[in-house]
Amino acid sequence: MAAAADSPLYLGLDFSTQQLKAVAIDAGLAVVQRNSVQFDSELPDFRTQGGVHIHPDGLTVTSPVLMWVKALDLLLDKLKGAGLDFSRIRAVSGSGQQHGSVFWRTGASQTLDQLDPELRLHQLLQDSFSVQDSPVWMDSSSGRQCQDLQAAVGGALRLAEITGSRAYERFTGNQIAKLRASRADEFQDTERISLVSSFAATLFLGSYAAIDYSDGSGMNLLDIKSRNWSDLCLEATAPHLNRLLGAPQPSTSVLGPVSSYFVHRYGFSESCMVVAFTGDNPASLAGMRLQQGDVAVSLGTSDTVFVWIQEPRPALEGHIFCNPVDLQAYMALLCFKNGSLTRKRIRDECAGRSWDVFSAALRDTALGNGGNIGFYFDTIEITPPAVGVHRFDCHNNKVSSWSPQVEVRAVVEGQFLSRRLHAERLGYSIIPGTRVLATGGASSNKEILQVLSDVFNAPVYTLDLADSACLGCAYRALHGVLAESGLSFSDVVKNAPEPQLVATPHPTAQQVYEGMLKRFAQLEEMVLQKTCT
Ligand code: XUL
């Protein structure tokens, strides 16, 4: 049933690397508007490629902060032009690419407080940033600061135990430390540091928005257990950082009403609330409506795995973040560089460049592949840091080749055993009711998903969500205003479209893969020792 023309709406935004997106939903969770602004093509003056500038050193990667501000001006105009009645919006929330940072110049809070609705945000805020080119998640120029931080806190594992991750160059604390050392004057002239998410919330709020626990977990600064800044990490990063960051807050917090600028310029209601913005990965978890026991596997150029975790065990690989929808829980994020390109290479070499032949090979070979196990790291892998192709027979002996059909099954089984092994190492466990949610390009291949289902011994569902982060934020906006009446996030989104069941595990799957997983772990250890020497 269509919602009444004046019924409430909830707006979700996503400031991602290449574009700014918006989704508006009604209280029945139906999408009523979608819109976006592409940075490269719609804001060409900023001369970005893929939304970023890669600096001559090849390591430094930044985005112009004013491009993001201008994109918001443009997006709101587009939404208005498309007929969105802003007065119906009860709450807005959003997400940003994780780890990126925004440096507000001294005096910017006063500017934010008195925004003139006759002018555009990018005109009003052009002098409000001490650093014009914001470091983004693709930056890898802070290696030195990572080493310093790990040394200061007592090693990589200790840092992971405190913050959920060992030091990563893209993590914000290390970017802040680098900026403080390399651009002391700009740093000195900074009154507040935001993440991309809290910067975007700040624009709506007209005052500095808190960093939320979940996105804050991607900084190497937050103690994920106490959910407060770690003094040890702050001190090792920069002086007075506590003051520059402000206190972190739950990701479900209602931060306050939109600023009068939005009321007067766009006709937002004075009572429209801003719900804390968060990182794009936590927001995707909300968009996919992940629950305890579920695992989301995105099968793209690289494969990404998200899991809901109750008892985290931070390690030297992967990341643990505070959970964006449940204050007691956590989420883990794992990235695997060798995903679809590797599957495609094996398809080309062993299946005559045909996905149909590749699928037939999966159908015609037995679960467990006769005990053969393969590791396919065409490029140096992130999880685990190994390289090369390594094949082992059922006696753990190295072999140099297999029949094309065995090779096809080996690449897919090996990849999914690895996804499961590394998720379990961070504290994930399969429980009754576990669902595997598959997204991304390869999620349209039924035979690949059957192997996924068998290896995880759980049903696999697919989700057609091109904009899970954005939709997740529209859900989070709705939850923000309903949470006060005690409703959990899962209560609020229970009527969202259900994912589609595409594969259920074979009756022998558990028996086959339990043992295989143990062997896989031992063999991976051997591969790692070989490639690290
Ligand atoms: C996660 C990460 C990326 C960005 C992409 O740690 O760096 O997924 O969030 O926007």
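Counting starts at 1 for both ligands and their atoms, following the listed order. Sequence positions, counted from 1, serve as the residue numbers for this chain.
By the 4.0 Å N-to-carboxylate-O rule, Asp77 lies close enough to Arg120 to be salt-bridged with it.
Ranking the protein heavy atoms by distance from atom 2 (C) of ligand 1 puts His99 NE2, 3.6 Å first. Atom 1 (C) of ligand 1 has its closest protein heavy atom at Asn281 ND2, 3.2 Å. The protein atom (non-hydrogen) at minimum distance from atom 7 (O) of ligand 1 is Arg170 NE, 2.8 Å. In terms of protein heavy-atom proximity, atom 5 (C) of ligand 1 is closest to Asp280 OD2, 3.3 Å.
Note: no N/O pair closer than 3.5 Å links His319 and ligand 1 by distance alone.
When each atom of ligand 1 is checked for a heavy atom of Leu333 under 4.0 Å away, the hits are 1 (C), 6 (O). Shown in contact with Gln97 at under 4.0 Å from a heavy atom are these atoms of ligand 1, numbered in order with element: 10 (O).
Closest approach of Lys21 and Ser36 over heavy atoms only: CG-CB, 4.0 Å.
Checking His319 against Gln98 by side-chain atom types alone, no donor-acceptor pair falls below 3.5 Å.
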N/O donor-acceptor pairs under 3.5 Å from side chains in residues 227-235, not counting sequence neighbours:
from   : atom 1 : to     : atom 2 : distance (Å)
Arg227 : NE     : Leu327 : O      : 3.4
Arg227 : NH2    : Leu327 : O      : 2.6
Trp229 : NE1    : Gly246 : O      : 2.8
Ser230 : OG     : Leu232 : N      : 3.4
Ser230 : OG     : Cys233 : N      : 3.1

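Contact annotation: the side chain of Leu79 never approaches that of Tyr266 to less than 4.5 Å [non-hydrogen atoms, C-beta and beyond].
Figure legend: cation-pi geometry between Arg105 and Phe103 absent, as NZ or CZ is not positioned both under 6.0 Å from the six-membered ring centre and within 45° of its axis.
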